[in-house]
Amino acid sequence: MRTLSTPSPALICPQNIHGFHNGRGSSTSSSSITGETVAIVHSPPPTRLTHPLIRVASKHLKEQANIDRLPDQCIIQVFSYLPTNQLCRCARVCRRWYNLAWDPRLWRTIRLTGETINVDRALKVLTRRLCQDTPNVCLMLETVIVSDCRRLTDRGLYTIAQCCPELRRLEVSSCYNISNEAVFDVVSLCPNLEHLDVSGCSKVTCISLTREASIKLSPMHGKQISIRYLDMTDCFVLEDEGLHTIAAHCTQLTHLYLRRCIRITDEGLRYIMIYCTSIKELSVSDCRFVSDFGMREIAKLESRLRYLSIAHCGRITDVGIRYIAKYCSKLRYLNARGCEGITDHGVEYLAKNCTKLKSLDIGKCPLVSDIGLEFLALNCFNLKRLSLKSCESITGQGLQIVAANCFDLQMLNVQDCEVSVEALRFVKRHCKRCIIEHTNPAFF
């Protein structure tokens with residue numbers, strides 16, 4: 001008969017933290033002199049206590065514990081709200097809780113955060129325990145979220161790739177030691193993976209299948225990856241060639257975020273539009289080499305595009321905005337903050353063609369004035385969020401026109417704008433649910 005075991009919270013909690021606070025008290029798990037987080041495996045709690053005095057005390061405490069009267073399903077429901085480390089703690093309370101804490105329904109998600117966690121070892125022990133009912137495979141595990149864990153390496157991702165074939169969501173943001181090879185293993189061995197977040201993983205330059213996986217795939221598969229959501233924010237070394245490979249393999253992408261991928265150019269966007277024709281949300285904020293030619297490529301998405309962020313892309317002008325306005329008529333969100341080449345003419349094209357626009361950020365666009373706001377007010381009646389931060393040419397008159405026509409406005413940012421108190425009060429009267437962000441000390 002095989003003996004089951006419980007991963008200790010020491011897997012997840014650093015040893016130099018003497019208590020884990022959850023609002024009702026604290027507990028401690030320590031086994032290392034050096035203070036390093038290590039993987040410890042505990043046997044399940046004993047069924048009964050043998051000492052007679054302890055047995056009497058235990059019986060008295062049991063009478064006080066109302067939680068023991070709850071049915072299993074209720075306790076499992078309570079456990080479902082606990083993070084991974086607290087769930088491991090609960091498994092050490094008693095035999096009943098041990099069995100309930102390892103109910104497969106509670107382990108659809110593993111969430112680990114923190115710089116001091118020995119994530120590789122934690123993932124190894126957790127997956128080993130979850131594989132005991134189905135040897136070598138965690139069939140229930142669908143989501144792994146490991147953020148800001150600098151000690152996560154390729155070895156930890158390889159453990160996930162080997163043991164979690166049903167994985168659908170993986171987030172490893174700000175894990176600096178992850179390389180291309182580990183990501184290739186995950187996308188090759190987890191065919192159902194749809195959501196991948198590698199933001200801040202500066203070593204990741206590409207998303208592709210391993211060579212072995214490409215050889216084994218049948219021609220009908222087409223050597224494609226099923227990822228629909230990809231976040232590569234702050235992947236500084238990503239270049240157009242890597243983006244070409246990503247686009248060729250991830251043709252089902254609907255959400256793509258390339259914020260601060262500073263080496264991306266218009267050529268990389270051309271590859272995306274060739275292969276990934278279903279994109280609904282796209283961010284190329286702070287990609288300084290993206291210009292109006294890139295906007296022409298993005299416009300090929302036409303009515304499918306709903307969200308676009310081009311903030312601080314200084315090479316984009318009214319010409320690029322005109323491409324987007326002409327072909328992407330169902331655009332709902334546009335962030336063009338810091339695009340100093342945009343003028344009232346660009347806003348006019350946008351307002352007249354994208355009438356369903358709900359959120360617009362044209363902050364730090366000094367050439368946008370009250371004329372542009374008037375076009376917005378007379379065409380975009382569904383506008384809910386508007387940011388005009390540091391727009392030097394905006395006055396109170398423009399704001400009043402917006403407030404008189406866009407009654408559903410919920411957020412207005414006019415920080416660092418020369419706007420009178422009377423204009424702000426006018427906005428508040430006409431848009432009662434609107435939150436106004438401002439820098440006028442006389443308005444409160």
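Proximity of Thr265 to Val290: side-chain heavy atoms (C-beta onward) are nowhere separated by under 4.5 Å. In this structure, Val347 and Leu376 have side chains that are in contact, with non-hydrogen atoms separated by less than 4.5 Å. You'll find the side chain of Val414 stays beyond 4.5 Å of the side chain of Ile394, heavy atoms only. No side-chain heavy atom of Asn335 sits under 4.5 Å from any side-chain heavy atom of Ile310. You'll find the side chain of Arg260 reaches within 4.5 Å of the side chain of Thr233, heavy atoms only.
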Q) When you look at Leu308 and Ile298, which way does the side-chain contact (heavy atoms from CB on, under 4.5 Å) test go after all the steps? A) CA-CA 9 Å; Leu308 177 63; Ile298 293 175; 4.2 Å; yes
Q: List the steps, then state whether side-chain hydrogen bond (donor to acceptor under 3.5 Å, both in side chains) holds for Ser173 with Asp197.
A: CA-CA 6 Å; Ser173 58; Asp197 182 351; 4.7 Å; no
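There is a side-chain donor-acceptor pair under 3.5 Å between Glu181 and Ser179. The closest side-chain donor-acceptor pair between Thr395 and Asp370 falls under 3.5 angstrom. Checking Asn180 against Thr205 by side-chain atom types alone, a donor-acceptor pair falls below 3.5 Å.
Side-chain atoms of Ser188 never come within 3.5 Å of backbone atoms of Leu209 as a donor-acceptor pair (strictly under, hydrogens ignored). The backbone N or O of Leu367 sits nowhere less than 3.5 Å from a side-chain atom of Ser393 that would complete a donor-acceptor pair. A donor-acceptor pair is defined here as one N or O able to donate and one able to accept, closer than 3.5 Å; no such pair exists between the side chain of Asn413 and the backbone of Lys389.
A salt bridge links Lys300 and Glu297; the closest N-O separation between the charged side-chain nitrogens and carboxylate oxygens is under 4.0 Å.
Ring centroid separation for the pair His244 and Tyr275 comes in under the 6.0 Å cut-off. Between Tyr229 and Tyr257, the ring centre distance stays below 6.0 Å.
Among the candidates Glu142, Arg169, Glu166, Arg168, the single residue satisfying the side chain to side chain donor-acceptor pair (under 3.5 Å) test with Asn192 is Glu166.
When every heavy atom of Ala377 is checked against every heavy atom of Cys406, the shortest pair comes out as CA-SG, 4.2 Å.
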